[in-house]
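Notes follow once the structure below has been shown.
Any value given below was found using the heavy atoms of this structure, including those in side chains, with hydrogens, waters and symmetry copies removed. Order of the sequence lines sets the chain letters (A, B, ...), proteins ahead of strands, with each chain counted from 1.
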Amino acid sequence: QKEVEQNSGPLSVPEGAIASLNCTYSDRGSQSFFWYRQYSGKSPELIMSIYSNGDKEDGRFTAQLNKASQYVSLLIRDSQPSDSATYLCAVWDFNKFYFGSGTKLNVKP
Amino acid sequence: DVKVTQSSRYLVKRTGEKVFLECVQDMDHENMFWYRQDPGLGLRLIYFSYDVKMKEKGDIPEGYSVSREKKERFSLILESASTNQTSMYLCASLQDRGNGYTFGSGTRLTVV
């Protein structure tokens with residue numbers, strides 16, 4: 001079973017700040033990494049994927065991957081109250097995702 | 001848009017009852033999954049299926065079974081419900097990894 005670890009939070013940041021969410025994984029052979037966002041009472045939805053070492057930017061979101069350190073992160077620039085949610089890190093394993101337990105982000109106006 | 005529909009949003013069942021959770025997707029996806037989500041434990045895979053009549057155990061299959069008689073429908077069965085099966089159950093459908101899962105809205109099951 002693959003382990004995906006996240007700090008449960010909550011992580012509180014002021015509006016307009018950068019939120020940094022972190023994730024580590026146990027299987028050195030993992031190749032594909034994903035971030036899902038889950039609003040309270042809702043289902044998770046995919047927001048980012050990253051497959052190669054380095055950074056991948058999509059609007060206000062940047063995913064970072066360091067396979068040598070087995071570390072994935074998600075940066076949210078110019079955080080908005082609407083970004084308040086739980087962020088789930090996920091690792092793709094051949095035919096399914098393994099999820100971390102999620103980090104709750106609170107963006108304060 | 002792909003839609004994954006779970007038949008019930010909230011369910012309350014008694015200990016020992018047989019419980020059926022239904023999931024239907026409308027985009028002809030071959031891959032379907034059942035997870036449960038609990039605070040602090042995240043999403044844990046119960047069962048998944050790659051095709052009609054195919055099923056594979058996930059990480060926590062004990063106490064559960066599944067049925068996939070038609071491509072669009074994947075049912076989760078609690079053979080004899082117990083209080084430790086009180087949870088949020090999420091069904092998901094998958095076309096390919098790049099698009100991620102499409103989740104249903106979830107069924108919050110309470111076993112009393």
Worksheet item: Linking I/L/V/M/F/W/Y whenever any side-chain heavy atoms sit under 4.5 Å apart, do B:Tyr35 and B:Leu94 land together?
Response: yes
Response to the item:
d(B:Leu45 CG, A:Asp93 CG) to nearest 0.5 Å is 10.0 Å
Practice prompt. Hey, can you tell me if A:Tyr36 and B:Phe103 have their rings parallel, tilted or perpendicular (30° and 60° cut-offs)?
Written response: perpendicular
Worksheet entry | Contact class of B:Tyr101 relative to chain A, heavy atoms under 4.5 angstrom | both
Worksheet, complete the sentence: Nearest heavy-atom contact between B:Gly40 and A:Ser101 is O-CB, 3.8 Å
Worksheet entry | Proximal component of B:Leu41, with respect to chain A [non-hydrogen, under 4.5 Å] | backbone
Discussion item. In this structure, would B:Tyr47 and B:Leu109 fall into the same cluster of hydrophobic residues linked by side-chain contacts under 4.5 Å?
Written reply: yes
Worksheet item: For A:Lys104, which residues count as a salt bridge (Lys or Arg N to Asp or Glu O under 4.0 Å) partner, sequence neighbours excluded?
Response: none
Worksheet item: Can A:Phe33 be reached from A:Tyr87 by stepping across I, L, V, M, F, W or Y side chains whose heavy atoms are under 4.5 Å apart?
Response: yes
Worksheet item: Say you draw a straight line from CD of A:Gln31 to CZ of B:Arg97; how long is it, rounded to the nearest 0.5 Å?
Response: 8.5 Å
Item to complete: Spell out, yes or no, whether A:Leu21 and A:Val4 are grouped together once hydrophobic residues are joined by side-chain heavy atoms under 4.5 Å, including indirect joins.
Response: yes
Worksheet item: Is A:Val91 reachable from A:Phe99 through a run of I, L, V, M, F, W or Y residues, each pair having side-chain heavy atoms under 4.5 Å apart?
Response: no
Worksheet item: When you look at A:Tyr98 and B:Leu43, which way does the side-chain contact (heavy atoms from CB on, under 4.5 Å) test go after all the steps?
Response: CA-CA 8 Å; A:Tyr98 282 94; B:Leu43 284 155; over 6 Å; no
Worksheet item: Is the distance between the ring centroids of A:Phe97 and B:Phe33 less than 6.0 Å?
Response: no
Fill in: Contact origin within B:Glu56 toward chain A - heavy atom pairs under 4.5 Å
neither
Worksheet item: For chain A, which residues from residues 12-20 of chain B have at least one heavy atom closer than 4.5 Å to it?
Response: none
Item to complete: Give a yes or no on whether A:Ile18 atom CD1 has more than 12 heavy-atom contacts from other residues, nucleotides or ligands under 6.0 Å away.
Response: no
Worksheet item: In terms of heavy-atom proximity below 4.5 Å to chain A, should B:Asn99 be classed as side chain, backbone, both, or neither?
Response: backbone
Discussion item. Non-hydrogen contacts under 4.5 angstrom with chain B: give the residues of residues 41-66 of chain A involved, or none if there are none.
Written reply: A:Gly41, A:Ser43, A:Pro44, A:Leu46, A:Tyr51
Worksheet entry | Pairs involving residues 17-92 of chain A, ordered by first then second residue, that meet disulfide (SG to SG under 2.5 Å) (sequence neighbours left out) | A:Cys23-A:Cys89
